Amino acid sequence: MGKRYYITTPIYYVNSTPHIGTALTTIVADACARFQKRRGQSVYFLTGTDENAPKVHRVAQERGIPTQQFVDEMAEVFARTWQALHIEYDVFIRTTEERHKRVVTEVFRRLRQQGDIYQGSYQGWYCVSCETFFASSKVGEARTCPDCGKPLEWRDEPCYYFRLSAYESRLKEHIAANPHFIEPEVRRNETLGFIAEGLQDVAVTRTGTDWGVPVPDEESGGVIYVWFDALLNYLTATGWLERDGDAYLDTWPPDLQLMGKDILPRFHATIWPAMLMALGLPLPLRLYGHGWFLVNQQKMSKSLGNVYAPLEVVQALSEASQCQQPVAVDAFRYYMLREMPTDSDTEFSLEGLETRYNGDLANDLGNLVHRTLSMMHRYFEGRVPEGVHVEEAVAVSLLQVSRQVAEAYEAVDYPRGLQQAWNLIGLINRYYEEQAPWSLAKAGEYGRAGRVLYAGLETIRTLCTLVEPVMPRVASEIARQLNLPAVPLWSDTEAVNRIPSGHTLQPPTPIFPRIPLR
Ligand code: MSP
């Protein structure tokens with residue numbers, strides 16, 4: 001068996017519930033996983049929760065709940081939210097699992113043994129919100145976090161360091177030699193900028209808390225720094241240490257690691273590959289960092305009260321439109337990916353979601369499916385007539401656009417891919433207007449009318465595959481109305497004239513009822 005396509009999301013802190021930011025990374029990963037699956041890859045898709053963080057412990061204490069019970073409840077909330085959003089992950093990892101703690105302990109021991117982790121003491125600033133240490137030189141007069149602006153805490157304690165500085169030149173070389181290692185380009189440049197400032201060794205243990213993985217073989221206590229612990233989840237999930245010999249190599253290394261821009265340069269593109277270099281393990285093939293969703297031009301925050309919960313957004317959409325729940329979920333996924341911040345940040349809004357729903361989904365996609373099937377039933381009793389084929393010009397576009405969309409999805413550029421897929425809808429609508437199959441049928445020219453509508457059917461069959469990674473349940477519904485046994489594979493978009501003469505179609509049912517104007 002060949003290697004599985006291994007795709008990961010960050011593991012989310014469980015001190016707060018899922019919001020549209022964490023949902024974005026997860027939905028992008030799910031679309032990538034589904035796309036690869038339908039292209040015939042065997043996929044291993046990992047997500048999970050980051051539970052050993054001091055801030056998680058702090059919130060549990062504030063609420064007066066035992067921390068373990070709190071993280072159990074919160075992990076459940078994440079898993080259920082992702083399931084409700086049609087996220088088809090293969091593994092949900094939790095860092096409080098014993099198998100993960102064993103990996104973290106073993107890695108710590110190995111690196112200490114070989115001198116990559118050494119004893120020292122730490123004096124400096126710590127941001128609990130970002131779970132990040134900052135050198136005094138990076139901290140201004142106000143003593144607030146250079147990343148999030150919250151007050152920093154002073155730390156003066158014995159600790160262990162990871163020898164990050166030793167990997168500076170190898171990291172630079174790796175990034176230079178592998179242009180796709182960090183994407184998109186702006187993140188790659190940010191990372192190079194970060195490394196160019198000079199890498200300092202990082203503190204990888206903390207004292208004064210017992211929530212976390214204990215520092216091994218150490219009388220004085222302390223726990224392993226949460227980021228050192230958390231990054232290793234990607235390794236734990238492959239069964240490294242647990243399975244025989246090199247068995248984990250059927251999955252390792254990750255093909256695609258997705259995350260937001262905030263946790264890419266320092267953590268995933270510097271500390272993480274350096275840890276793997278120290279362990280002598282192959283590096284991930286691609287790290288992709290998307291931008292942020294803003295609400296009213298600002299970062300979401302509890303204090304501003306502008307945090308959206310994904311399931312509440314879905315609920316609001318399904319109430320406004322009266323569409324089925326799975327359709328509302330898929331419409332939300334469509335919006336998130338169509339508006340996905342790739343290079344720069346973008347605005348998230350409920351109005352924007354409703355506009356995309358009424359425009360792209362109800363008017364464009366839904367209407368195309370509905371009018372095509374209605375005409376097929378009205379003029380051809382729902383049966384594909386004999387001797388039809390797609391006209392050359394339309395056929396060329398179908399093949400070309402499918403390839404372009406696949407390329408865009410491969411590049412994690414969903415806004416571009418979806419825009420291209422929607423170009424097909426525009427094209428076939430113009431073709432209908434020009435050819436007017438309704439007039440042809442009225443004039444008794446059934447041969448020509450059948451050919452035009454057949455082009456419409458083949459376009460819908462193609463679109464069914466193109467939208468599946470983004471809207472899996474809508475794609476199944478379209479396949480059902482076309483009376484296909486399943487959503488066609490990507491290889492099926494490499495040819496036209498696939499629906500045979502005599503094939504019968506289901507009667508059309510509207511998928512996206514319009515949201516009435518208020
Ligand atoms: N626990 C760490 C990750 C450890 S991975 C080894 C963490 N967790 S998090 O809960 O804070 O979630 C981080 C993910 O959510 C990141 O990918 C981050 O970029 C994303 N987002 C959080 N808010 C966001 C927006 N407003 N917009 C888009 N994504 C954002 O960091």
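Predicted, not measured: the structure shown is a model, and the values here were computed from it. Counting starts at 1 for both ligands and their atoms, following the listed order. Counting begins at 1 with the first residue of the sequence.
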Practice task
Can you run down the side-chain hydrogen bond (donor to acceptor under 3.5 Å, both in side chains) pairs that involve residues 333-344, sequence neighbours left out, and say none if there aren't any?
Solution key: D30-R333, Y334-D360, E339-R356
Practice task
Compute the centroid of each ring, for Y234 and then for Y6, and state whether the two points are separated by less than 6.0 Å.
Solution key: no
Handout entry: Contact check: M300 vs ligand 1, nitrogen or oxygen atoms, below 3.5 angstrom
Key = no
Exercise for the section: Please could you name the atoms of ligand 1 that H19 approaches to less than 4.0 Å, counting only its heavy atoms? Expected result: 22 (C), 23 (N)
Exercise for the section: Compute the shortest N/O to N/O distance between Y13 and ligand 1 and return yes if it is under 3.5 Å, no if not. Expected result: yes
Exercise for the section: Using the side-chain contact (heavy atoms from CB on, under 4.5 Å) rule, take W490 and L466 through it: C-alpha gap first, then chi angles, then the decisive distance, then the call. Expected result: CA-CA 8 Å; W490 279 81; L466 304 189; 3.5 Å; yes
Handout entry: Ion pair D255/R286, N-O distance below 4.0 Å
Key = no
Exercise for the section: For the pair R34 and E88, find out whether any cationic side-chain nitrogen is under 4.0 Å from an anionic carboxylate oxygen. Expected result: yes
Practice task
Verify, without hydrogens or angle tests, whether K261 (side chain) and G289 (backbone) share a donor-acceptor contact under 3.5 angstrom.
Solution key: no
Problem - Which of the ligand 1 atoms, numbered from 1, are nearer than 4.0 Å to a heavy atom of M259 - result: 17 (O)
Practice task
Determine whether the side chain, the backbone, both or neither of K299 has a heavy atom under 4.0 Å from any heavy atom of ligand 1.
Solution key: neither
Problem - ligand 1 contact on F267 by region, counting heavy-atom pairs under 4.0 Å - result: neither
Handout entry: 4.0 Å heavy-atom contact, G291 with ligand 1
Key = yes
Practice task
Indicate yes or no: does E168 engage K172 in a salt bridge with an N to O separation below 4.0 Å.
Solution key: yes
Problem - Any W227 heavy atom less than 4.0 Å from ligand 1 - result: yes
Exercise for the section: Taking only heavy atoms of G21 into account, list the atoms of ligand 1 that are under 4.0 Å away from them. Expected result: 20 (C), 21 (N), 23 (N), 24 (C), 25 (C), 27 (N), 28 (C), 29 (N), 30 (C)
Handout entry: Protein residue, atom and distance nearest to atom 6 (C) of ligand 1, heavy-atom basis
Key = Y234 OH, 3.5 Å
Exercise for the section: Identify the heavy atoms of L232 and H100 that sit nearest to each other, and give their distance. Expected result: C-CE1, 3.7 Å
Practice task
Output yes when R58 and E153 qualify as a salt bridge under the 4.0 Å nitrogen-oxygen rule, no when they do not.
Solution key: yes
Practice task
Using a strict 4.0 Å cut-off to heavy atoms of D262, name the atoms of ligand 1 that fall inside it.
Solution key: 18 (C), 19 (O)
Practice task
Number the atoms of ligand 1 from 1 as they appear, then name those within less than 4.0 Å of a heavy atom of T25, with their elements.
Solution key: 17 (O), 20 (C)
Problem - Sub-4.0 Å heavy-atom contact, F348 with ligand 1 - result: no
Handout entry: For atom 17 (O) of ligand 1, the protein heavy atom that lies nearest, with its residue and separation
Key = G260 N, 2.7 Å
Completion exercise
The atoms of ligand 1 lying under 4.0 Å from a heavy atom of P10, numbered in the order shown, are 3 (C), 5 (S), 17 (O)
Exercise for the section: May I ask you to check whether F293 has an N/O atom sitting below 3.5 Å from an N/O atom of ligand 1? Expected result: yes
Exercise for the section: Report yes or no: does H290 have a heavy atom closer than 4.0 Å to ligand 1? Expected result: yes
Handout entry: Plane angle bin for Y122 and Y161 - parallel if under 30°, tilted between 30 and 60°, otherwise perpendicular
Key = tilted
Problem - Side-chain ion pair, R94 and E76, N-O less than 4.0 Å - result: no
Practice task
Considering only NZ, NE, NH1 and NH2 on the basic side and carboxylate oxygens on the acidic side, decide whether E468 and R38 come within less than 4.0 Å.
Solution key: yes
Exercise for the section: Using a strict cut-off of less than 4.0 Å between a Lys/Arg side-chain nitrogen and an Asp/Glu carboxylate oxygen, indicate whether E106 and R110 qualify as a salt bridge. Expected result: yes
Practice task
Return each pair, listed once, that meets ring pair (Phe, Tyr, Trp, His ring centres under 6.0 Å) where at least one residue sits in residues 176-208; pairs must be two or more places apart or across chains.
Solution key: H174-F181
Practice task
Distance to 0.1 Å, residue and atom name: give those for the protein heavy atom nearest to atom 25 (C) of ligand 1.
Solution key: W292 CE3, 3.1 Å
Completion exercise
Atoms of ligand 1 under 4.0 Å from any heavy atom of D50, numbered from 1 in the order shown, are 1 (N), 2 (C), 4 (C)
Handout entry: Nearest-neighbour protein heavy atom for atom 12 (O) of ligand 1, which is reported as residue plus atom name and distance
Key = Y12 CD2, 3.4 Å
Problem - Within-cut-off N or O pair, L231 and ligand 1, under 3.5 Å - result: no
Practice task
Around atom 3 (C) of ligand 1, find the nearest protein heavy atom and jot down its residue, atom name and distance.
Solution key: I11 O, 3.2 Å
Practice task
Report, in ascending order of atom number, the atoms of ligand 1 lying under 4.0 Å from any heavy atom of T22.
Solution key: 12 (O), 15 (O)
